[in-house]
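What follows is a set of notes on a single structure, which appears directly below.
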Amino acid sequence: MAALANVDAVLREIQDELIVAGTNLLKLRFSSSCDEVIARLLRAEAILKRVGQVKDSPMPMKKALVPIMTALIRDKLLKHRDENVQAIVASCLNHATRVTAPIQPYLDHQMRDMFGLFMVVLRGQLSRLTGDNYDRVVKVLHFMGLGRTVLIMMDLDIDQMIVDLFQFFFDTISPNYPPVIFQYMEDVMTLVIEESDEVSLELLTPLLDSVRMDNKNVSPVSWELGTAVFEKCSTKLQPYLKEAVKKMNLEVNDYAEIVVSLCTNENMLEEETAAALSGDGVSELNGASEGEQAGPTSQVNDGEVVQLEMDIGVHRRRRLRTYLENWRREFL
């Protein structure tokens, strides 16, 4: 009983601090000094770090988040020109996305603005390699893959922003970065490709450019990143790659070996399919439980799907179900 009372007391403390921090953010004016804005944002960021997922939280906790959530998406913070403010706001929004998952925290047009800010801070801070703002944008990048928030980007009609994100990865990655940054970028790009209904030429172009043989010497880490993505997504990319080679009249020998292999091995897809349906592949499938064979859709609560699917169209349902199920598997 004493332990439960202590937990309740901590939750009430967090709720009170959320309300105070959010109210203070709402009181900011466009004329407020950067120092004042940053001080209030840092307090909000600190308390958001203490908040777990609110999907199953009591209503008081959900209500306590409203002031902060409202303040963060207003122009005075979301479109602030100071780079330190931008980085802290992005960090707070990243936490907001985490605590409200698997439900997206804002309306679609607000989510577009949020991801636009993420792009700004990634470009501005990731190359610094050290400092608090660098740590913040690394967490934003990490959560795009781990939290599957990039799947939301795919459903917001911001295809060009995703292409720009790919291009940014290839332009930015270098030997100076720790290996984890390479992994986060690879995770995000792989997730986008594998979950895409189709891979556009625009999305494929920066990937192809990264694995040109001359880029192997100019930017070897970028070349390695592109090669790693091609290898992980070879089955998905093969038909689109062949189409791009024909349309752009490319010489495949100017590219990495994986590209040559995918373009010249006409039977690769058939061979992989046959391998998957024979031997251990069949045994594993037959040995799976009914729930495992049914896949993610059967495990997702329909009420959650309905809530996510309001006003978004049928074409988004598969990725949203995947987003829900991945969250259940990784975090719940």
Side-chain angles (χ1 to χ4, degrees), residues 1-29 32-74 76-78 80 84-107 110-111 114 117-118 121 131-133 135-140 142-144 146-149 152 299-301 303-304 307-308 323-332:
M1 292 294 292
L4 288 175
N6 185 55
V7 170
D8 289 340
V10 170
L11 288 176
R12 285 195 297 270
E13 177 188 345
I14 293 175
Q15 291 166 17
D16 291 343
E17 292 188 31
L18 281 170
I19 293 171
V20 171
T23 301
N24 287 336
L25 288 179
L26 288 170
K27 290 179 179 178
L28 289 170
R29 301 177 181 273
S32 297
S33 69
C34 279
D35 288 343
E36 182 181 6
V37 173
I38 289 172
R40 297 189 185 189
L41 279 171
L42 287 173
R43 184 60 193 147
E45 181 186 41
I47 188 62
L48 282 170
K49 289 179 180 179
R50 298 176 61 192
V51 180
Q53 281 189 272
V54 299
K55 185 175 73 71
D56 298 317
S57 297
M59 187 56 66
M61 179 63 78
K62 296 176 182 178
K63 289 183 176 179
L65 277 165
V66 171
I68 282 184
M69 300 283 290
T70 302
L72 289 172
I73 209 66
R74 289 186 174 177
K76 67 180 72 173
L77 291 180
L78 187 66
H80 203 287
N84 293 312
V85 172
Q86 291 171 345
I88 305 171
V89 171
S91 175
C92 289
L93 288 168
N94 196 45
H95 284 296
T97 305
R98 171 184 60 80
V99 302
T100 59
I103 309 302
Q104 70 180 45
Y106 298 109
L107 299 175
Q110 295 170 323
M111 293 298 292
M114 184 190 82
L117 177 63
F118 285 0
V121 297
D132 291 340
N133 289 342
D135 291 339
R136 289 183 176 103
V137 299
V138 168
K139 290 175 182 176
V140 169
H142 185 202
F143 200 66
M144 279 186 172
L146 179 68
R148 275 78 174 183
T149 52
I152 301 177
Q299 300 177 30
V300 176
N301 182 287
E304 291 173 334
Q307 185 171 359
L308 277 173
Y323 179 62
L324 280 168
E325 184 55 32
N326 282 331
W327 261 105
R328 284 180 178 276
R329 183 165 56 251
E330 295 287 345
F331 299 104
L332 300 185

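Positions are given from 1 along the sequence. All of these numbers come straight from a predicted model, not from anything done at the bench.
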Please determine whether side-chain contact (heavy atoms from CB on, under 4.5 Å) holds for the pair R40 and L28, giving the CA-CA distance in whole Å, both sets of side-chain angles, and the decisive distance to 0.1 Å. CA-CA 9 Å; R40 297 189 185 189; L28 289 170; 3.6 Å; yes
Could you walk me through whether L41 and L25 pass the side-chain contact (heavy atoms from CB on, under 4.5 Å) test, one step at a time? CA-CA 7 Å; L41 279 171; L25 288 179; 3.9 Å; yes
As a quick check of understanding, evaluate side-chain contact (heavy atoms from CB on, under 4.5 Å) for H95 and V51, giving each step before the final call. CA-CA 9 Å; H95 284 296; V51 180; over 6 Å; no
Could you check L93 against Y106 for side-chain contact (heavy atoms from CB on, under 4.5 Å), going step by step and ending with a plain yes or no? CA-CA 10 Å; L93 288 168; Y106 298 109; 3.6 Å; yes
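Among all heavy-atom pairs drawn from A44 and I68, the shortest one is CB-CD1, 4.1 Å. Among all heavy-atom pairs drawn from V99 and L48, the shortest one is CG1-O, 4.5 Å. Shown here for A71 and G22, the closest heavy-atom pair between the two residues is CB-O, 4.3 Å. A pairwise comparison of heavy atoms in M69 and A96 identifies SD-CB, 3.5 Å as the closest pair. Across all non-hydrogen atoms, the minimal contact from A90 to L117 is N-CD2, 3.9 Å.
Atom NZ of K139 has 12 or fewer neighbouring heavy atoms from other residues, nucleotides or ligands inside a 6.0 Å radius.
Rounding to the nearest 0.5 angstrom, the gap separating the CD1 atom in I19 from the CG atom in L26 is 11.5 Å. Between the CD atom of E45 and the CG atom of D132 there is a distance of 8.5 Å, given to the nearest 0.5 Å. Here OG1 of T97 is found 12.5 Å from CD1 of I103. Values are rounded to the nearest 0.5 Å. Atom CD of Q15 and atom CE of M59 lie 11.5 Å apart (nearest 0.5 Å). With rounding to the nearest 0.5 Å, the separation of CG in N94 from CG in L72 is 11.5 Å. A distance of 8.0 Å separates CZ in R136 from SG in C92, rounded to the nearest 0.5 Å.
Remark: the backbone N or O of V20 is paired with a side-chain donor or acceptor of N24 at under 3.5 angstrom. S91 places no side-chain N or O within 3.5 Å of a backbone atom of A87 that could act as its donor or acceptor partner. At least one donor-acceptor pair under 3.5 Å links the side chain of Q86 to the backbone N or O of H80.
Within the 4.5 Å cutoff, side-chain heavy atoms of I47 are placed close to those of I14. Side-chain contact between M61 and L18: present, with at least one pair of heavy atoms (C-beta onward) separated by less than 4.5 Å. Counting heavy atoms from C-beta on, the side chains of E13 and E17 come closer than 4.5 Å. Taking the side chain as every heavy atom from C-beta outward, V10 and R50 approach each other to under 4.5 Å.
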